[in-house]
Amino acid sequence: MSTNTRFDLTGRVVIITGGAKGIGKVYAREFAAAGARVVAADIDGDAAAETAAQILAAGGEAIGVRTDVADEASTTAMAEATIAKFGTIDVLINNASLMSVLERRSWFDIPVEEWDRVMAVNLRGIFLCCRATFPEMRRKRFGKIVNISSSRVWEGVPNRLHYTTSKAGVIGLTRALSREVGEHGVTVNAVTPGYTLSDTQQATSSGNYLAMQSDGRAMGRPQYPEDLVGAVMFLSSAASDYMTGQTLNVDGGKAMH
Ligand SMILES: NC(=O)c1ccc[n+]([C@@H]2O[C@H](COP(=O)([O-])OP(=O)(O)OC[C@H]3O[C@@H](n4cnc5c(N)ncnc54)[C@H](O)[C@@H]3O)[C@@H](O)[C@H]2O)c1
């Protein structure tokens, strides 16, 4: 395999949860531009369909599938729709989460129901999406799972305690699951993005918060969704086939672990 081929995503079938908006939409667009066949799976079915339509209009291949990652029947249907359309599943990018919709507030003020819903989407959602897609990956002895965590875990960022806690869980899940599926040719890795100026994040952050976003970063500038694409593509390609259970931090050099 040549070096260039290792990074090639042409024809790969890639499910991107939360792929209709924010950073997930950028992954969907960029993977399609790299030749992948993309499934934008999102609880916002209209936005997922719109993302797929935009990819088709640009000459790429994509479908939108309304999916609630916290619901087992819905994740099973997501995997079935992917196989029905594209014949297989190569890559699962677990990007959906409850984040930008969460108020920033003291841990003491978080309603218990909100804590539970964050865990259901951000952790059970990954568990269910992995379970729904794994049988196809095991069958073909190839699969790449990329779990999106957050650099909040390294920094201990406060005021969304449930969110930060769930993202730490994503790293534990990544490590333990990698040991259960490695013998089947499936890799499981995580990425911890720094605070990223996705359209959804910008819409829900105050001016002061946005103004601080170059602080402490070696790169000296804010982070944009495009800054994450290379790392996620690497973990989705054959170039990372002997790397599993790992977590890549992509935050412009703020937290160094
Ligand atoms: N933007 C940041 O600063 C930042 C930093 C670190 C990590 N992250 C992580 O990166 C990922 C993308 O971030 P973003 O800024 O685009 O987030 P976002 O909140 O804007 O988007 C999340 C997406 O997930 C979808 N979604 C929510 N609940 C769902 C469910 N139950 N089933 C399916 N889809 C669901 C939403 O509709 C949306 O499209 C998330 O996992 C987030 O936690 C973001």
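Basis for what follows: all heavy atoms, side chains included, without hydrogens, waters or symmetry-related copies. For ligands, and for the atoms within them, numbers begin at 1 and follow the listed sequence. This structure is a prediction, so every number in the text was calculated from the model and none was measured.
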Please could you name the atoms of ligand 1 that T67 approaches to less than 4.0 Å, counting only its heavy atoms?
32 (N), 33 (C)
Relative to atom 30 (C) of ligand 1, which among I43, D71, V26 owns the nearest non-hydrogen atom?
I43
Any idea which protein heavy atom is nearest atom 5 (C) of ligand 1, and the distance to it?
G194 O, 3.2 Å
Shortest heavy-atom approach to atom 40 (C) of ligand 1 - which of I148, N95, D68:
N95
Do me a favour and list the nearest non-hydrogen protein atom to atom 1 (N) of ligand 1 with residue, atom name and distance?
T196 O, 3.2 Å
How long is the gap from CE on M219 to OG on S214, to the nearest 0.5 Å?
11.5 Å
Pick from A48, S97, G22: the one approaching atom 22 (C) of ligand 1 most closely through a non-hydrogen atom
S97
Taking atom NZ of K85 as the centre, does the number of heavy atoms from other residues, nucleotides or ligands within less than 6.0 Å exceed 12?
no
Would you compute the distance between atom CG of N147 and atom CG of L92 and round it to the nearest 0.5 angstrom?
7.5 Å
Can you pull out the closest protein heavy atom to atom 44 (C) of ligand 1? Residue, atom name and distance to 0.1 Å, please.
M99 SD, 3.6 Å
If you define the side chain from C-beta out and look only at heavy atoms, does anything of P222 sit under 4.5 Å from L197?
yes
Based purely on interatomic distance, does Y195 place a nitrogen or oxygen under 3.5 Å from a nitrogen or oxygen of ligand 1?
no
Side chains of H162 and K167: does their closest heavy-atom pair fall under 4.5 Å?
no
What do you reckon, does R152 put a non-hydrogen atom under 4.0 Å from ligand 1?
no
Distance-only donor-acceptor check, side chains S198 and T200, under 3.5 Å
yes
Looking at E72 and R131, is any side-chain nitrogen of the basic one under 4.0 Å from a carboxylate oxygen of the acidic one?
yes
Any chance CZ of R217 has more than 12 other-residue heavy atoms, nucleotides or ligands included, within less than 6.0 Å?
yes
Looking only at heavy atoms, is any part of L197 under 4.0 Å from ligand 1, and if so is it the side chain, the backbone, or both, or is it neither?
neither
Within the distance-only criterion (no hydrogens, no angle test), does the side chain of T192 pair as donor or acceptor with the backbone N or O of S151 below 3.5 angstrom?
no
Under 4.0 Å from any heavy atom of S198, which atoms of ligand 1 are there?
1 (N), 14 (P), 15 (O)
Heavy-atom check, side chain of L228 versus side chain of Y27, under 4.5 Å
yes
So which heavy atom in the protein is nearest atom 8 (N) of ligand 1, and how far is it from that ligand atom?
Y163 OH, 3.5 Å
Which protein non-hydrogen atom lies closest to atom 6 (C) of ligand 1, naming both residue and atom, and how far is it?
P193 O, 3.2 Å
If you count the non-hydrogen atoms of other residues, nucleotides and ligands that lie under 6.0 Å from CZ in R104, is the total more than 12?
yes
Starting from atom 19 (O) of ligand 1, find the nearest protein heavy-atom neighbour and note its residue, name and distance.
S100 OG, 2.8 Å
Considering non-hydrogen atoms of the protein only, which is the closest contact for atom 13 (O) of ligand 1, and what is the distance?
I23 CD1, 3.6 Å
Taking 4.0 Å as the limit for heavy-atom contacts, which would you say applies to K25 with ligand 1: side chain only, backbone only, both, or neither?
neither
Check contact between P225 and ligand 1, using heavy atoms of the residue and a distance below 4.0 angstrom.
no
Considering non-hydrogen atoms of the protein only, which is the closest contact for atom 38 (C) of ligand 1, and what is the distance?
D42 OD2, 3.6 Å
Would T17 count as a contact residue for ligand 1, given that I'm defining contact as a non-hydrogen atom of the residue lying under 4.0 Å from a ligand atom?
no
Atoms of ligand 1 close to V121 [distance to a heavy atom under 4.0 angstrom, numbered from 1]
28 (N), 31 (N)
When rounded to the nearest 0.5 angstrom, what distance separates OG1 in T17 from CG in D42?
8.0 Å
